[in-house]
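Below: the structure, in structure tokens.
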Amino acid sequence: MPDTTLAVFERSYAELRRARRARTVLGLLLFVVLFAGSAVIGNFNPATLVEGAPKLGEYVGRTLPKVRWDHLIEDLAYWFYGLPKWLDLMVETILMAYLATLLGSAGAFMIGFFGSRNLTPATWCYHLARRVSEFFRTVPDLVFALIFVFAFGLGPLPGILAIAVHSLGANGKLFAEANENIDMAPVEGLRALGANWVQTMRFAVVPQILPNYASYVLWRFEINVRTAAVMGFVGAGGIGMELVTAVRSLYYEDISAILILIVLTVSLIDIGCEKLRHALIGREALT
Amino acid sequence: MLLLEGVSRRFGNLAAVNGVSLSVEAGSFVGVIGRSGAGKSTLLRLINRLVEPSEGRVSFHGTDVTALQGRALRQWRARSAMIFQQFNLVPRLDVLTNVLIGRLSHHATLPSLFNRFTAAERTMAVESLDRLDLTAHAFQRADTLSGGQQQRVAIARALMQDPAILLADEPIASLDPRNAACVMDSLQSINRESGLTILCNLHTLDAARQYCDRIIGMAKGKIVFDGAPAALTPAATRQIYHVPDGEDLSESITSTIRRPVRQPEIAVATA
């Protein structure tokens, strides 16, 4: 190799290194500025944190009742006196999440085909589908719930609708992106044999993306159970209504009891869904 | 009769197909040869309108294919069945469903979504699977089959369309020589027994010589040769494959089908 080639190589390598280092420094600078800025704006003051931290424990301590070993059953029964009602509400919460997941995913299923660049029948359909799902997932679900409570009154219905709308937006994006990763060869095959657009989606696309969709829907259900638990804060059904009442009325022991119930339920659902999802993915990987 | 009149297709500045005129007699087996990028695939897709022509006209038995829209276009696509280099089956569906899908253009949209086909169609499917020696695999998922088997499933699917012409886009380019011969044999017997017109892209000379009764050579989007296999002289071959004068063209670099018996004969033909 002639020396000049090596020299040219070395020079461009050094240049590349310099450019990379400059980018890293710039990135770090940006990070520090953003961090400092948000700390100032967000009143993130270490002193306040230190001062307030003990109160955190105090609050938790106040919500916990006295449970004595020798009167365990009686004390627990006293603590969880509302269990039958709370369990009913917990079931309502899960069913809300279930229904909302179904409705939202069905909508997302439809909108997903329009919102993927490779499948959309027309560019305007693509943009419409993307913007609609964007709007539905950027507006916080509690805001949707407030609007629906105003329209349909208190109860689970507005909660279900709010979660469904949010799920539609979130899963619409996920589904559309899964659609964009499919193998297009079957799509061409279906077009070439005279299938129309709907038939092409059904036979060339759906078989490919169904396992992905199932996994996304289960994940969305996990999220929706958590969301449904706080829908009651704005009167949109579920266990949240009971919790917010307890917080406002300073029924400290009720707060802890309900919170424990929520955490237990959500964890159980999470574990169950995760197992299901992994089973699905695992089976997929094997075939 | 399929008729192409001055058909062109431009992608940006590139003319993939440039003023091609061509007529294909019913019942013939026509091979289109040329290097990759010569415009063979685009030419075929202009016929079933998977690619829209920039200019020119394609007609079939007097019907202007280039003017078809919506349902009429889909019906034309059903009648001009296509098979592909990558087979383009639906990998996760079983073989039978992949074959039955060939009937989709005869079904109303909503009922077809439930994957219901008539008993007559199922009979038809079993017949075409049997013809291609695939009945044993009917309930297997398409992606569990070998390449050669998948291509035969694609042919069975094409037969379900009750086609007037079969467009084959490099049907053997992804197959090993034995499977390639098997697929080409299937196409030949369908052509001879049912009189189905076949227009087949091939990038290799030997397959074209062996199976086609007419060969069209394409280079840079234009037809540079059109005649019987016997008329394909070394000079014509050079032109099709852009080999400079004086340089030898080895047939082996453009060969997929190997048959020991035919080999010497082919070698003589291009020597």
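Proteins come first, then strands; the chains are lettered A, B, ... in the order of their sequence lines, and each starts at number 1.
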Exercise. Measure distances from B:Gln75 to the heavy atoms of chain A and classify the residue's part below 4.5 Å as side chain, backbone, both or neither.
Key: neither

Quiz prompt | Within 6.0 angstrom of A:Met110 CE, more than 12 heavy atoms from elsewhere | solution = no

Quiz item: How would you list, by chain and number, every residue that makes a side chain to side chain donor-acceptor pair (under 3.5 Å) with A:Ser167, sequence neighbours excluded?
Solution: A:Asn224

Quiz prompt | CZ/B:Arg71: more than 12 non-hydrogen atoms of other groups inside 6.0 Å | solution = no

Quiz item: Considering residues at least two apart in sequence or located in another chain, which fulfil the side chain to side chain donor-acceptor pair (under 3.5 Å) criterion with A:Arg130?
Solution: A:Glu180

Practice problem: Under the side chain to side chain donor-acceptor pair (under 3.5 Å) rule, collect the residues that match up with A:Glu222, sequence neighbours excluded. | Solution: A:Arg277

Self-check item: chain A contact via B:Asn98 - which portion, at a heavy-atom distance below 4.5 Å
Solution: neither

Self-check item: Pairwise side-chain contact, A:Pro186 with B:Asn88, heavy-atom cut-off 4.5 Å (strictly under)
Solution: no

Quiz item: If contact means a heavy atom pair closer than 4.5 Å, which residues of residues 190-199 of chain A contact chain B?
Solution: A:Leu190, A:Arg191, A:Ala192, A:Leu193, A:Gly194, A:Ala195, A:Asn196, A:Val198, A:Gln199

Quiz item: B:Ile83, B:Leu50, B:Leu110, B:Leu167: which one forms the most heavy-atom pairs within less than 4.5 Å of chain A?
Solution: B:Leu50

Quiz item: In terms of heavy-atom proximity below 4.5 Å to chain A, should B:Arg157 be classed as side chain, backbone, both, or neither?
Solution: side chain

Quiz item: CZ of A:Arg202 to CD1 of B:Ile101: how many Å apart, nearest 0.5 Å?
Solution: 8.0 Å

Quiz item: Would you say B:Asp133 has more than 12 foreign heavy atoms packed within less than 6.0 Å of its CG?
Solution: no

Quiz item: Given a strict heavy-atom distance threshold of 4.5 Å, which part of B:Ala142 is in contact with chain A: side chain, backbone, both, or neither?
Solution: neither

Practice problem: Check the surroundings of atom CZ in A:Phe150: do more than 12 heavy atoms from other residues, nucleotides or ligands lie under 6.0 Å from it? | Solution: no

Quiz item: Around A:Tyr126, counting heavy atoms of other residues, nucleotides and ligands shown, do more than 12 lie under 6.0 Å from its OH?
Solution: yes

Quiz item: At a heavy-atom separation under 4.5 Å, does B:Arg103 approach chain A through its side chain, its backbone, both, or neither?
Solution: neither

Quiz item: chain A: which of B:Leu73, B:Asn48, B:Thr144, B:Leu93 shares the most heavy-atom pairs with it under 4.5 Å?
Solution: B:Leu93

